[in-house]
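Here is the structure we will look at.
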Amino acid sequence: RLVASPDYLSTHGTPNSPQDLTRHECITLPSMGSTPVIWRLRGPDGTVEVPVNSRFQVNTQQAQLGAALANLGIALVPSLTTLAFLKRGVLQEVLPGYSHAAGVYFVFPSRRHIPRAVRAFTEYASTVLFERGMVIPSRHQRSQSF
């Protein structure tokens with residue numbers, strides 16, 4: 001999820017499209033050498049790659065979140081880490097129709113003999129993740145049957 005503090009957005013404006021991110025300070029993971037940071041965002045029209053400006057680069061999600069809370073820019077962090085801050089209003093979602101093109105997966109050594117306990121857990125965990133907004137469902141999400 002893309003997030004920023006209300007103060008940052010009131011000072012610098014709110015992006016209306018992924019391309020607008022190029023005119024904002026973005027909080028990112030460190031880049032390799034002089035390689036520009038590129039965010040791959042999945043949105044209503046598919047995946048778009050956006051080169052972003054990043055003077056503040058840190059290697060943990062907590063540090064990225066802290067930087068966003070400190071008004072340093074827009075961060076792309078997991079939904080799970082932003083929920084409480086969004087509810088309290090200390091962060092705002094930016095470009096709500098866009099998310100990082102990544103996913104959460106349950107991996108099994110084989111689909112042939114999945115124990116009932118494991119099956120029950122994965123179904124429960126999937127339900128909780130979606131219902132609580134910790135994971136944003138993909139438009140192209142496949143239903144899995146065991």
Side-chain angles (χ1 to χ4, degrees), residues 1-109 111 114 118-146:
R1 183 172 284 176
L2 292 159
V3 294
S5 69
D7 288 343
Y8 174 85
L9 295 173
S10 69
T11 301
H12 300 285
T14 302
N16 294 313
S17 73
Q19 291 72 25
D20 290 346
L21 292 170
T22 62
R23 294 188 295 277
H24 283 269
E25 286 300 323
C26 295
I27 302 159
T28 68
L29 295 169
S31 64
M32 300 298 243
S34 62
T35 305
V37 175
I38 296 177
W39 280 348
R40 292 188 75 228
L41 302 173
R42 183 177 41 232
D45 299 322
T47 301
V48 61
E49 292 186 355
V50 182
V52 295
N53 297 315
S54 181
R55 286 190 285 176
F56 192 79
Q57 298 180 348
V58 291
N59 61 0
T60 68
Q61 294 168 357
Q62 275 92 7
Q64 290 177 340
L65 198 55
L69 289 164
N71 309 319
L72 295 179
I74 298 171
L76 178 59
V77 291
S79 300
L80 175 63
T81 62
T82 63
L83 291 176
F85 299 105
L86 291 168
K87 286 181 183 176
R88 289 195 341 240
V90 294
L91 285 178
Q92 292 180 347
E93 189 169 4
V94 176
L95 299 173
Y98 291 87
S99 63
H100 181 60
V104 174
Y105 303 92
F106 294 102
V107 180
F108 308 98
R111 291 181 63 101
I114 299 173
V118 172
R119 185 177 309 145
F121 170 76
T122 58
E123 289 174 6
Y124 171 76
S126 298
T127 301
V128 169
L129 289 171
F130 288 124
E131 286 179 354
R132 294 188 182 172
M134 296 174 176
V135 174
I136 301 167
S138 166
R139 290 184 334 160
H140 307 291
Q141 182 181 0
R142 293 183 296 186
S143 63
Q144 300 277 330
S145 60
F146 295 103

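Just so you know, these numbers come straight off a predicted model, no measurement behind them.
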Query raised in the report: Would you say R1's side chain and E93's backbone share a donor-acceptor pair under 3.5 angstrom?
Result: no

Query raised in the report: What's the spacing between S17 OG and Y98 OH if we round to 0.5 Å?
Result: 7.0 Å

Report summary line: Here the gap from L95 atom CG to W39 atom CH2, rounded to the nearest 0.5 Å, amounts to 9.5 Å

Requested in this report: Dump the intermediate steps for side-chain contact (heavy atoms from CB on, under 4.5 Å) on L41 and L2, then the final yes or no.
Outcome: CA-CA 10 Å; L41 302 173; L2 292 159; 4.2 Å; yes

**Report entry** Contacts of N53 that satisfy side-chain hydrogen bond (donor to acceptor under 3.5 Å, both in side chains) - sequence neighbours left out
**Finding:** none

For residues [X] and [Y], report the shortest heavy-atom separation together with the two atoms involved.
X: A68; Y: S5; answer: O-CB, 3.4 Å
X: A4; Y: G73; answer: CB-O, 3.8 Å
X: V37; Y: S54; answer: CG2-CB, 4.5 Å
X: F85; Y: L69; answer: CE2-CD1, 3.6 Å

Do [X] and [Y] come close enough that some side-chain heavy atom pair is under 4.5 Å?
X: L9; Y: P15; answer: yes
X: C26; Y: F56; answer: no
X: T81; Y: Q64; answer: no
X: H12; Y: I74; answer: no
X: T82; Y: L65; answer: yes

Requested in this report: For L76 and T28, run side-chain contact (heavy atoms from CB on, under 4.5 Å): C-alpha distance rounded to whole Å, both residues' side-chain angles, the deciding distance at 0.1 Å, then the answer.
Outcome: CA-CA 7 Å; L76 178 59; T28 68; over 6 Å; no

**Report entry** Steps toward side-chain contact (heavy atoms from CB on, under 4.5 Å) verdict (H24, V94)
**Finding:** CA-CA 12 Å; H24 283 269; V94 176; over 6 Å; no

